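Just passing along the structure, written as C-alpha cells.
Since we're looking at a predicted model, the values are computed, not measured. So you know, we letter chains A, B, ... as the sequences are listed, proteins then strands, and number each from 1.
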There are 2 protein chains.
Amino acid sequence: MTQQRSSPPASRATIEDVAAAANVSVATVSRALRGLPNVAASTRSRVVEVAGQLNYQADPAARRLATGRSHAIAVLVPFVNTWYCAEVMAGVEAVCAEAGYDMVVIALRAENGDRRPIDGTEALHRRVDGIVVVDVALEPAELDEMISRGLSVVSIGPPLPGCASTGIDDVAVGRMATEHLLGLGHHRIALIGDTTDTVFGFMVPTMRQQGYEAALNAAGVELDDELIVDGSFTVQGGAEAFDQLMALDDPPTAIFAIGDIMALGAMQRARELGIDIPGDLSIVGVDDQPVAEVLGLTTVHQDVAEHGARVARWLVDLLRDDDHSVERFIAPITLVERTTTAAPATVVVG
Amino acid sequence: MTQQRSSPPASRATIEDVAAAANVSVATVSRALRGLPNVAASTRSRVVEVAGQLNYQADPAARRLATGRSHAIAVLVPFVNTWYCAEVMAGVEAVCAEAGYDMVVIALRAENGDRRPIDGTEALHRRVDGIVVVDVALEPAELDEMISRGLSVVSIGPPLPGCASTGIDDVAVGRMATEHLLGLGHHRIALIGDTTDTVFGFMVPTMRQQGYEAALNAAGVELDDELIVDGSFTVQGGAEAFDQLMALDDPPTAIFAIGDIMALGAMQRARELGIDIPGDLSIVGVDDQPVAEVLGLTTVHQDVAEHGARVARWLVDLLRDDDHSVERFIAPITLVERTTTAAPATVVVG
DNA sequence: TTGAAAGCGCTAACAG
DNA sequence: CTGTTAGCGCTTTCAA
C-alpha cells in the first residue's frame, strides 16, 4: 500500500560513528553526551558538536538493556474513555513529557465477568520502571509481584499498602454535599449512587454514601433506604434513578448524586417532567466537570489532572532516587455553589 | 519513604537459566518459546514447562535491541483530556492490548504560541514502531522524518500523504446537519463554529462550515455572515455564541453547532433565557457524545473509538508486514434525530 | 581525563 | 531438529 516500507529503516548513526568522527572512544562519547563529570570541556564540546552534525540520538533499547531502566512508566486505568481517567492521564502525561519518560497506558478490561489479572508477566515485565495505579484495588499478590519485579508504584484513589498515594476524602465529599443540602433546610435528601462495580474494587461510592449517612445522622435525620438508589455512574442511570425517586410516595426535596454525570441525567429528566430546579428540587453533584459549570450544577470540586501530575512527580522522584517522604496526600475539595440548590419549597401546612 | 526500593530488583530468570534447566541451547529456548517451527514437540513442551516453572519472561529491552522492533506504538494527540481523544485512545489501546503492543501517548502541547515540533529526535526515536496521528496536520518535513526513521504512520482525521488514514467526511457532516434543518423548513440557520486553532492545523471546522454553506447554496438560501459565529469548541463558547446570535436583529430559527459540546452550551443558555427548544429554536450538534443522548440532542453521529481501533489494526498489520491495501476509509456518519429539532414556529403574517 | 573491554539478554544466521 | 556464535548499541568497571 503506502510507500512507507519501501525505504530501508534509514540506518542511524551509532555511538561508534560519533566516536570515530570525534576521535575519541565510545566511552567518552557516552560520558560527554550524558553530562557526566571527568570529561575535558574541549572534548565534550567537540563530541556534542559531532553528535549534532550526525544527528545522533542514543538508542533507548540499547540504553535500557545496559542500564536496566526503561525510562517509561505505565498508567493503569480501569477505562480510558472516561472524563476522570482522561484528566488523570493528561496530568501524568504532562509530567512525563517534562521529565523525559514515556507514558504507556494500560486499561484493565474485564473479561468474562472478572477483571483481567495483572500478572505483571504481561504488559509490565521489564517494560516500565514504575506504575501509576488509578482507582483500582490491586490484589495484594499483584502488588507484591510488581514491587518484587522492582517496579515503583504510586496510586490515585485507594491507599495501596506501602505505596505513596493521593486522593480525596470521599467520606468528606459525601458529608460536604449533604451538609450543604441540610444547611439549606432539606431533610428528605436522596442519594444517587453506584453499585455496578463488582470488578475493580471501586470504593468511592461506598465512602461517599458513608459521608452522606454520617451527615444525616449528625443532623438527626433518619435514614430512609428508599432514598438511596443506583445510578450506575452514567447519565442514563442518573435519569433512571431520578424516575425511581420521583415515583416514591414521599419523594425527596433534594438529591445528592455522587457524580456530576448522574446529576446531569437527573437534571435532564427533571426538565422533561417539568420539575423546576432548584425551585422544586435541589441537586448537587461531585467532580465539577466542565459541563457542570455551564449547567450551573452545584458540585463538589476536585482537581483530577493535578492528582495525576502529583503522583507522576512523586514517581519520577522515586525513580531518580530523590527520596521524598510523602506517604499520602489528601487533595482539597471545595463545594462550588451554583444554581441547582436552594432552600426547599415552603410547604403550606393546612 | 515507602519500602519499595529496599528490596533488590529481584534478578529475574534469563534465557540462559531456562536453557540450562531444560538442557538445551538458548537458541532452542528462543525458538521454542516463540512458536517457531523446527523444534521437536517434546523439546518444545519441556522448554515451555521449564520456562513456566522459572517464571521466565523474555526481556523486551533485549528483544528490542536484537530485533530492532519495539513492539510499541505511539498515539499522537493534540490533547489527552478531551472526549474525542479519549475515545480514540480507548480504541487504540484495545487493539494494542490484543496484539501485544504497548501504547505510549504523546500530547502535542503548544509552547509559546506554537505547537511543539515533533523532531522525531525526541520521544519517537527508536522508541516505537509506528504512530497513530490524531487530528494533527503534521508538517511534511516532520512526516518525512518519521518515515525516514522507519516508522509506519497512520492517521485519524486529515489524510496524511502516503499514509493510511480514516476519518469522516466533514463536509458531508455539515451538509447533513444543515439539510436536516432545511428539510424541517428552516431558512435562517446559524453556524456555531470554531476559529480558535492556530496551532494544530485543525481543518474540521472549516470543512463542516463548507458543508453548511454548500447545503444552503443548494437550497437557494443566501448566506449571512452574521449567522456564523465562533464557539471555541467549548461549552462556554457555545453559550457565548448563542448570546451573540440572539442579539441579532433577525435571529436564527435554527442552529448548527459543529460539535455537541457547543450545542450543549447553547441549549443551556436557551433554557436560561426561556427560549424553548425546539419550539422557538432548533439545534443540531455533531459527535453524539453520551451527553447528547440524555439531553435529546439531535446530532450527527460518528463512532470515534472505532476510528482508533481501525487505524490501530492497520498499523499492527503494517508492522507485521501483512500488507493490506486500504489507503483511506471514510467512516459512516448518521443523523440521529432526537428532540432538539422541529419545524420552525409558524409566523403569523399580519 | 580517557580508552579497552566486558557485559546487558536476546535473536538470527550458519553449521552440523 | 539443535547448537555455536556473532552481533544489536549502549553503559560501566578497571586500567592507563
Side-chain angles (χ1 to χ4, degrees), chain A residues 8-48 50-51 54-72 100 121 125-127 129 149-150, chain B residues 8-48 50-51 54-72 100 125-127 129 149-150 321:
Chain A
S11 70
R12 319 240 344 110
T14 73
I15 198 173
E16 291 209 41
D17 300 330
V18 178
N23 259 309
V24 290
S25 70
V26 293
T28 297
V29 173
S30 180
R31 292 183 195 111
L33 259 25
R34 282 181 301 152
L36 296 187
N38 299 335
V39 178
S42 61
T43 306
R44 188 190 306 274
S45 65
R46 181 156 38 96
V47 170
V48 169
V50 170
L54 267 48
N55 197 14
Y56 169 76
Q57 189 78 13
D59 183 329
R63 183 171 285 179
R64 286 175 191 195
L65 184 55
T67 62
R69 338 230 69 230
S70 66
H71 267 251
T121 257
H125 174 65
R126 288 258 176 194
R127 288 172 188 289
D129 300 332
R149 287 184 190 249
Chain B
S11 70
R12 319 239 346 109
T14 72
I15 197 172
E16 292 208 40
D17 300 328
V18 178
N23 258 310
V24 291
S25 70
V26 294
T28 297
V29 173
S30 180
R31 291 183 196 112
L33 260 25
R34 282 182 300 155
L36 295 188
N38 300 333
V39 178
S42 61
T43 307
R44 188 190 307 272
S45 63
R46 180 158 37 95
V47 170
V48 169
V50 171
L54 268 48
N55 198 13
Y56 168 75
Q57 189 79 13
D59 183 328
R63 185 171 282 182
R64 287 175 189 194
L65 184 55
T67 63
R69 343 229 65 231
S70 66
H71 267 251
H125 175 64
R126 286 259 178 192
R127 289 173 189 286
D129 299 333
R149 286 184 190 250
D321 261 330

Inset, instruction - Report which part of the nucleic acid A/Ala58 touches: base, sugar-phosphate, or nothing (heavy-atom distance under 4.0 Å, all strands). - result: sugar-phosphate
Inset, instruction - Name the nucleic acid region contacted by A/Asp59, choosing base, sugar-phosphate or nothing; use a 4.0 angstrom heavy-atom cut-off, strictly under. - result: sugar-phosphate
Inset, instruction - Tell me which nucleotide among C/dT2, C/dA4, C/dT11 gets nearest to the side chain of A/Ala40. - result: C/dT2
Legend entry - Whichever of A/Val26 and A/Pro37 has its nearest DNA chain C nucleotide further upstream toward 5': A/Pro37
Legend entry - Step-by-step side-chain contact (heavy atoms from CB on, under 4.5 Å) determination, B/His125 to A/Arg12: CA-CA 10 Å; B/His125 175 64; A/Arg12 319 240 344 110; 3.1 Å; yes
Legend entry - Whole-Å gap separating P (C/dG9) and CZ (A/Arg127): 16 Å
Inset, instruction - Give a yes/no answer on whether the side chain of B/Thr28 brings an N or O atom under 4.0 Å of OP1 or OP2 in D/dG3. - result: yes
Legend entry - N or O in side chain of A/Thr67 less than 4.0 angstrom from D/dC10 OP1/OP2: no
Inset, instruction - Give the rounded distance in Å between these two atoms: CD1 of B/Ile15 and C1' of D/dT4. - result: 14 Å
Inset, instruction - Look at the side chain of B/Ala62 and decide which nucleotide, out of C/dG9, D/dG9, D/dG3, has an atom nearest to it. - result: C/dG9
Inset, instruction - Take atom CG of B/Leu33 and atom C1' of C/dC10, then tell me their distance rounded to the nearest Å. - result: 12 Å
Inset, instruction - Provide the closest heavy-atom pair for B/Asp129 versus B/Ser70 in the form atom of the first, atom of the second, distance. - result: OD1-N, 2.7 Å
Legend entry - A/Arg34 CZ to D/dC10 C1', straight-line distance once rounded to whole Å: 8 Å
Legend entry - Closest heavy-atom pair and its distance - A/Ala21, A/Leu54: CB-CD2, 4.3 Å
Inset, instruction - Would you indicate, yes or no, if C/dC10 has its OP1 or OP2 atom less than 4.0 angstrom from a side-chain nitrogen or oxygen of B/Ser30? - result: no
Inset, instruction - Starting at CZ of A/Arg64, measure out to CG of B/Asp59 and round the result to the nearest 0.5 Å. - result: 10.5 Å
Inset, instruction - Could you tell me the separation between the CG atom of A/Leu36 and the CZ atom of A/Arg44, rounded to the nearest 0.5 Å? - result: 7.5 Å
Inset, instruction - Using atom CG of A/Asn23 as one end and atom P of C/dA4 as the other, report the distance to the nearest whole Å. - result: 12 Å
Legend entry - Whole-Å distance separating the CG atom of B/Asn38 from the P atom of D/dG3: 13 Å
Legend entry - Which residue lies more 5' along DNA chain D, comparing B/Ser25 with B/Leu65 via nearest heavy atoms: B/Ser25
Legend entry - Distance test, side-chain N/O of A/Arg69 to OP1/OP2 of D/dT11, below 4.0 Å: no
Inset, instruction - Grab the CZ-P distance between A/Arg44 and C/dT2 for me, whole Å please. - result: 9 Å
Inset, instruction - Would you give the length of the straight line joining atom OG of B/Ser25 to atom CD of B/Glu16, rounded to the nearest 0.5 angstrom? - result: 10.5 Å
Legend entry - Whole-Å distance separating the CG atom of B/Asp17 from the P atom of C/dC10: 9 Å
What's touching nucleotides 14-16 of chain C from the protein side, N or O pairs under 3.5 Å?
none

Inset, instruction - Calculate, to the nearest 0.5 Å, the distance between atoms CZ and CZ belonging to A/Arg127 and A/Arg149 respectively. - result: 11.0 Å
Inset, instruction - Start with the C-alpha gap between B/Leu33 and B/Val47, add the side-chain angles, then the distance that decides, and say whether side-chain contact (heavy atoms from CB on, under 4.5 Å) holds. - result: CA-CA 7 Å; B/Leu33 260 25; B/Val47 170; 3.6 Å; yes
